[in-house]
Amino acid sequence: MDEKKVRDMSPIRLGRATSRRQLPATILAIALITMSLYAWSHLAALAQLAIGHQWQQPVQPVVNMNTLVPLEAHIMSKCGDAKDCLKYMVLPAMQRVYDKVNFTLSFIGTPTENDGVACRHGPEECLGNIIELCAQKLYPDPKTYLGFTMCLTKDYDMIPQRSLVEDCALEHAIDFDKLNECATKDDGAFGMGMLRGSVKRSSDVGTLNLPSNNFTQSIY
């Protein structure tokens with residue numbers, strides 16, 4: 001064979017040519033990895049900043065949603081306005097916010113110098129007030145004592161007749177004997193003491209100039 005044929009039969013070397021074609025792909029891969037590491041480092045920094053900002057937020061005060069709002073009604077047991085006050089103001093309010101308020105029923109009168117109370121509609125009204133206060137003391141759930149009070153108030157002109165008190169006590173699952181015992185305890189001094197305290201409370205809050213979360217038949 002001549003020298004030309006020998007050269008033609010020499011093996012073809014592909015290594016260097018192949019490396020040249022692979023070089024752009026290698027550079028691209030390195031660039032992508034570098035960009036990924038750069039992006040990851042910035043994301044990590046942002047995450048640390050966000051966490052640090054979160055910890056630096058001021059602590060908000062905790063509001064106790066179980067705190068009951070005081071709500072009071074100030075009435076006179078033998079007054080016709082009390083009937084409307086309970087029916088059209090107190091009852092609708094209690095039906096909406098019963099579980100959110102601390103309801104108190106207080107009475108309007110004038111303390112006297114002999115440790116008594118002068119009621120606007122006479123001694124019978126004082127006894128009616130005491131009976132309703134006894135119901136509140138013995139059965140503190142407003143659904144019970146308020147229902148009992150409203151029952152009496154429907155026939156306020158009959159207060160404090162025994163038949164009316166017994167009927168309303170039976171209707172609202174109140175023990176009449178316990179009610180009577182409370183009203184007559186210590187020859188009536190116990191009940192009168194409760195009434196004086198209730199009247200004083202009404203006087204202290206000012207029943208003719210009450211804020212919006214109080215009810216009074218005098219305003220109504």
Side-chain angles (χ1 to χ4, degrees), residues 70-91 93-94 102-210 214-220:
L71 178 66
E72 300 183 36
H74 304 263
I75 66 171
M76 295 175 281
S77 62
K78 282 186 71 69
C79 181
D81 289 340
K83 177 180 179 179
D84 293 335
C85 176
L86 293 174
K87 181 178 180 180
Y88 296 112
M89 296 178 67
V90 176
L91 181 60
M94 289 297 289
N102 180 20
F103 180 73
T104 303
L105 189 63
S106 298
F107 294 87
I108 299 171
T110 304
T112 61
E113 295 180 356
N114 60 347
D115 294 332
V117 173
C119 295
R120 187 173 300 181
H121 299 90
E124 290 186 340
E125 180 174 80
C126 286
L127 181 53
N129 294 347
I130 290 172
I131 291 171
E132 292 175 3
L133 282 169
C134 282
Q136 186 173 173
K137 179 175 179 61
L138 294 170
Y139 301 89
D141 186 346
K143 288 187 293 186
T144 301
Y145 77 79
L146 183 56
F148 171 75
T149 299
M150 292 188 67
C151 178
L152 294 178
T153 306
K154 289 178 183 178
D155 297 300
Y156 63 89
D157 55 328
M158 294 176 60
I159 293 175
Q161 292 184 19
R162 183 186 180 103
S163 59
L164 174 64
V165 177
E166 285 182 330
D167 289 344
C168 289
L170 181 62
E171 181 178 336
H172 293 276
I174 288 178
D175 189 322
F176 174 80
D177 291 334
K178 291 182 178 180
L179 204 61
N180 186 57
E181 181 181 352
C182 172
T184 59
K185 184 177 180 180
D186 298 333
D187 294 327
F190 178 76
M192 182 57 67
M194 286 198 302
L195 181 56
R196 281 180 64 86
S198 181
V199 166
K200 184 178 185 302
R201 180 176 182 82
S202 294
S203 177
D204 288 345
V205 300
T207 53
L208 294 179
N209 186 24
L210 291 173
N214 290 265
F215 295 106
T216 172
Q217 63 181 45
S218 299
I219 293 177
Y220 184 81

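Side chains included, hydrogens not; waters and symmetry mates left out as well; all remaining heavy atoms used. Residue numbers start at 1 and run along the sequence shown.
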Asks: Quick one: closest heavy-atom pair of Tyr139 and Tyr145, and the distance?
Replies: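 Shortest heavy-atom contact: O-CD2, 3.2 Å.
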Asks: Looking only at atom types and distance, does a side-chain atom of Thr184 sit under 3.5 Å from a main-chain N or O of Asn180, one as donor and one as acceptor?
Replies: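 Yes: the side chain of Thr184 pairs with the backbone of Asn180.
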Asks: Please determine whether the number of non-hydrogen atoms from other residues, nucleotides or ligands lying under 6.0 Å from atom CG of Asp204 exceeds 12.
Replies: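 Counting neighbours around CG of Asp204, more than 12 heavy atoms of other residues, nucleotides or ligands fall under 6.0 Å, so yes.
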Asks: Mind listing the closest non-hydrogen atom pair of Ile131 and Pro160 along with its distance?
Replies: CD1-CB, 3.9 Å
Asks: Measuring from atom CD of Gln161 to atom CG of Leu127, what distance do you get when rounded to the nearest 0.5 angstrom?
Replies: 11.5 Å
Asks: Would you say Cys168 and Lys154 make side-chain contact, with heavy atoms under 4.5 Å?
Replies: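 Counting from C-beta outward, Cys168 and Lys154 never come under 4.5 Å.
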Asks: Report the C-alpha separation of Ile174 and Leu138 in whole Å, then their side-chain angles, then the decisive distance to 0.1 Å, and conclude whether the side-chain contact (heavy atoms from CB on, under 4.5 Å) test is met.
Replies: CA-CA 9 Å; Ile174 288 178; Leu138 294 170; 5.9 Å; no
Asks: To the nearest 0.5 Å, how far apart are CG in Leu91 and SG in Cys85?
Replies: 11.0 Å
Asks: Mark yes when over 12 heavy atoms from residues, nucleotides or ligands other than Glu166 sit less than 6.0 Å from its CD; otherwise mark no.
Replies: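 Check passes, neighbour count above 12.
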Asks: Where do Ala82 and Thr153 come nearest, in terms of heavy atoms and distance?
Replies: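 That closest heavy-atom pairing would be C-CG2, 3.9 Å.
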Asks: What verdict does the side-chain contact (heavy atoms from CB on, under 4.5 Å) test give for His172 and Cys151, after you've listed the backbone C-alpha separation in whole Å, the side-chain angles of each residue and the deciding distance to 0.1 Å?
Replies: CA-CA 9 Å; His172 293 276; Cys151 178; 3.8 Å; yes
Asks: List the residues meeting side chain to side chain contact (heavy atoms under 4.5 Å, CB included) with Lys143, not counting sequence neighbours, and say none if there are none.
Replies: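 For Lys143 the side chain to side chain contact (heavy atoms under 4.5 Å, CB included) partners, ignoring immediate neighbours, are Tyr98, Asp141.
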Asks: Any side-chain heavy atom of Leu170 within less than 4.5 Å of one from Phe176?
Replies: no
Asks: Sub-3.5 Å donor-acceptor pair from the side chain of Arg196 to the main-chain atoms of Thr112, do we have one?
Replies: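 A pair under 3.5 Å: yes.
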Asks: Heavy atoms, side chains only, cut-off 4.5 Å: are Leu179 and Phe148 in contact?
Replies: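 Touching, per the 4.5 Å side-chain cut-off.
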Asks: Give the minimum heavy-atom separation between Tyr156 and Lys78, together with the two atoms involved.
Replies: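 Heavy atoms only, the tightest pair is O-NZ, 3.1 Å.
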Asks: Considering only heavy atoms from C-beta outward, does the side chain of Asn129 approach that of Val199 to under 4.5 Å?
Replies: no
Asks: Working to the nearest 0.5 angstrom, can you tell me the gap between Phe103 CZ and Leu146 CG?
Replies: 5.0 Å
Asks: Quick one: are Cys126 and Leu195 in side-chain contact, heavy atoms under 4.5 Å?
Replies: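 The answer is yes; the side chains approach within 4.5 Å.
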Asks: Ignoring hydrogens and geometry, is there a side-chain-to-backbone donor-acceptor pair from Asp175 to Lys178 under 3.5 Å?
Replies: yes
Asks: Which atom names give the shortest non-hydrogen contact between Met158 and Ser163, and what distance separates them?
Replies: CE-OG, 4.4 Å
Asks: Do Met194 and Cys182 have side chains that get closer than 4.5 Å, going by heavy atoms?
Replies: yes
Asks: When rounded to the nearest 0.5 angstrom, what distance separates CD1 in Ile75 from CG in Leu86?
Replies: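 Result: 4.5 Å between the selected atoms.
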Asks: Could you tell me whether a side-chain N or O of Ser202 sits under 3.5 Å from a main-chain N or O of Ser106, the two making a donor and an acceptor?
Replies: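 Checked: no pair found.
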Asks: Which atom pair, heavy atoms only, marks the closest approach of Met150 to Lys87?
Replies: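 Shortest heavy-atom contact: CE-CA, 3.9 Å.
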Asks: For the pair Leu71 and Val90, evaluate side-chain contact (heavy atoms from CB on, under 4.5 Å) and give the outcome as yes or no after the intermediate values.
Replies: CA-CA 10 Å; Leu71 178 66; Val90 176; over 6 Å; no
Asks: With a 4.5 Å heavy-atom cut-off, do Cys119 and Met76 have their side chains touching?
Replies: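 Cys119 does not reach Met76 side chain to side chain.
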Asks: To the nearest 0.5 Å, what is the distance between CD1 on Ile130 and NZ on Lys137?
Replies: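 Between atom CD1 of Ile130 and atom NZ of Lys137 there are 13.5 Å.
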Asks: Supply the atom-to-atom distance Met89 CE to Asp84 CG, rounded to the nearest 0.5 angstrom.
Replies: 10.5 Å
Asks: Out of the candidates Glu132, Glu124, Glu125, only one should pair with Ile159 under the side-chain contact (heavy atoms from CB on, under 4.5 Å) rule; please name it.
Replies: Glu132
Asks: Any non-hydrogen side-chain atom of Gln136 less than 4.5 Å from a side-chain atom of Thr104?
Replies: yes
